[in-house]
Amino acid sequence: QVQLVESGGGLVQAGGSLRLSCTASRRSFNEFAVGWFRQAPGQEREFVSSISRNGRSTDYANSVKGRFTVSRDYDKNTVYLQMTGLKPEDTAIYFCAGRRTILTVSPDVQADWYTYWGQGTQVTVSS
């Protein structure tokens with residue numbers, strides 16, 4: 001069993017930045033593809049970004065492309081989501097999710113592809 005813990009959320013003004021972290025309880029997290037999703041009140045969970053196990057493949061939702069950057073630090077067993085140019089519509093609970101894969105598999109944008117989920121971290125962007 002792998003536990004994922006998100007951190008780094010908070011309240012920020014429009015145009016500001018935040019960096020979210022997703023840290024796993026086990027070193028085997030480095031064998032996982034990881035995705036970031038978000039869910040705003042009254043809305044469905046939506047794909048935000050993903051990164052492959054080897055870090056060479058990344059993907060972004062059109063709504064965040066050019067503003068968000070996903071990366072991973074294998075020594076720290078952590079995946080990051082750097083968010084810049086934040087907008088009020090980015091307000092949501094952000095979740096990280098993981099699935100053990102072979103090295104070159106590109107992560108899916110569908111939430112049900114992932115095996116493990118964190119509890120989420122709140123991001124609020126004020127106008």
(message) Counting C-beta onward and ignoring hydrogens, is there a side-chain heavy-atom pair between Leu20 and Met83 closer than 4.5 Å?
(response)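 Side-chain contact under 4.5 Å: yes.
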Rounded distance (nearest 0.5 Å) linking atom [atom1] of [X] with atom [atom2] of [Y]:
X	Y	atom1	atom2	value
Phe95	Gln39	CZ	CD	5.5 Å
Ser106	Arg56	OG	CZ	12.0 Å
Ser127	Gln13	OG	CD	9.5 Å
Asn77	Asn30	CG	CG	5.0 Å
Arg19	Ser7	CZ	OG	9.0 Å
Ile93	Arg38	CD1	CZ	13.0 Å

(request) Report the residues that fulfil side-chain hydrogen bond (donor to acceptor under 3.5 Å, both in side chains) with Ser52, sequence neighbours left out, ordered by chain and then residue number. (result)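 side-chain hydrogen bond (donor to acceptor under 3.5 Å, both in side chains) list for Ser52, sorted by chain: Asn54.
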(message) Which residues pass the side-chain hydrogen bond (donor to acceptor under 3.5 Å, both in side chains) test with Thr58, not counting sequence neighbours?
(response)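 Thr58: no side-chain hydrogen bond (donor to acceptor under 3.5 Å, both in side chains) contacts found.
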(message) Checking Arg67 now: which residues fulfil salt bridge (Lys or Arg N to Asp or Glu O under 4.0 Å) with it, not counting sequence neighbours?
(response)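 Residues passing salt bridge (Lys or Arg N to Asp or Glu O under 4.0 Å) with Arg67: Asp90.
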(request) Apply salt bridge (Lys or Arg N to Asp or Glu O under 4.0 Å) to Arg100 and list each qualifying residue two or more places apart in sequence or on a separate chain. (result)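 For Arg100, the residues satisfying salt bridge (Lys or Arg N to Asp or Glu O under 4.0 Å) (neighbours in sequence not counted) are Glu31.
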Give every residue pair that meets the disulfide bond (SG atoms under 2.5 Å apart) criterion with at least one member in [range], sequence neighbours excluded.
range	answer
residues 32-88	none
residues 17-127	Cys22-Cys96
residues 32-73	none

With a 3.5 Å cut-off and sequence neighbours excluded, list the donor-acceptor pairs that the side chains of residues 111-121 form with protein atoms.
{"from": "Tyr114", "atom 1": "OH", "to": "Asp108", "atom 2": "O", "distance (Å)": "2.6"}
{"from": "Thr121", "atom 1": "OG1", "to": "Gly9", "atom 2": "N", "distance (Å)": "3.2"}

(request) Check whether Val5 and Val34 end up in the same hydrophobic cluster, where Ile, Leu, Val, Met, Phe, Trp and Tyr are linked by side-chain heavy atoms less than 4.5 Å apart. (result)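 No, because Val5 and Val34 fall into different hydrophobic clusters, even though each may have its own neighbours under 4.5 Å.
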(request) Please check if Phe37 and Val123 belong to a single hydrophobic cluster, counting links between Ile, Leu, Val, Met, Phe, Trp and Tyr side chain heavy atoms closer than 4.5 Å. (result)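 No, because Phe37 and Val123 fall into different hydrophobic clusters, even though each may have its own neighbours under 4.5 Å.
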Neighbour count above 12 (heavy atom, 6.0 Å) for [X] [atom1]:
X	atom1	value
Gln3	CD	no
Arg27	CZ	yes
Lys65	NZ	yes

(request) Among Ile, Leu, Val, Met, Phe, Trp and Tyr joined by side-chain contacts under 4.5 Å, find the other residues sharing a cluster with Tyr74 and list them by chain and number. (result)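 None, because no other hydrophobic side chain comes under 4.5 Å of this residue.
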What pairs with [X] under side-chain contact (heavy atoms from CB on, under 4.5 Å), at least two apart in sequence or on another chain?
X	value
Val109	Phe47, Asp59
Ser71	Tyr80
Ser17	Gln82, Thr84

(request) Show your working on side chain to side chain contact (heavy atoms under 4.5 Å, CB included) between Val2 and Phe32 and close with a plain yes or no. (result) CA-CA 10 Å; Val2 176; Phe32 283 46; 3.9 Å; yes
(request) Take Gln122 and Leu11 through the test side chain to side chain contact (heavy atoms under 4.5 Å, CB included) and record every step on the way to the result. (result) CA-CA 8 Å; Gln122 176 70 48; Leu11 173 64; over 6 Å; no
(message) Restricting to non-hydrogen atoms, name the atom on Ser21 and the atom on Thr78 that form the minimum distance, rounded to 0.1 Å.
(response)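 Closest heavy-atom pair between Ser21 and Thr78: CB-CG2, 4.0 Å.
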(request) Without swapping roles, check the side chain of Thr91 against the backbone of Val125 for a donor-acceptor pair under 3.5 Å. (result)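 Checked: pair present.
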(message) Between Phe68 and Leu86, does the side chain to side chain contact (heavy atoms under 4.5 Å, CB included) criterion hold? Intermediate values first, please.
(response) CA-CA 9 Å; Phe68 291 10; Leu86 283 162; 3.9 Å; yes
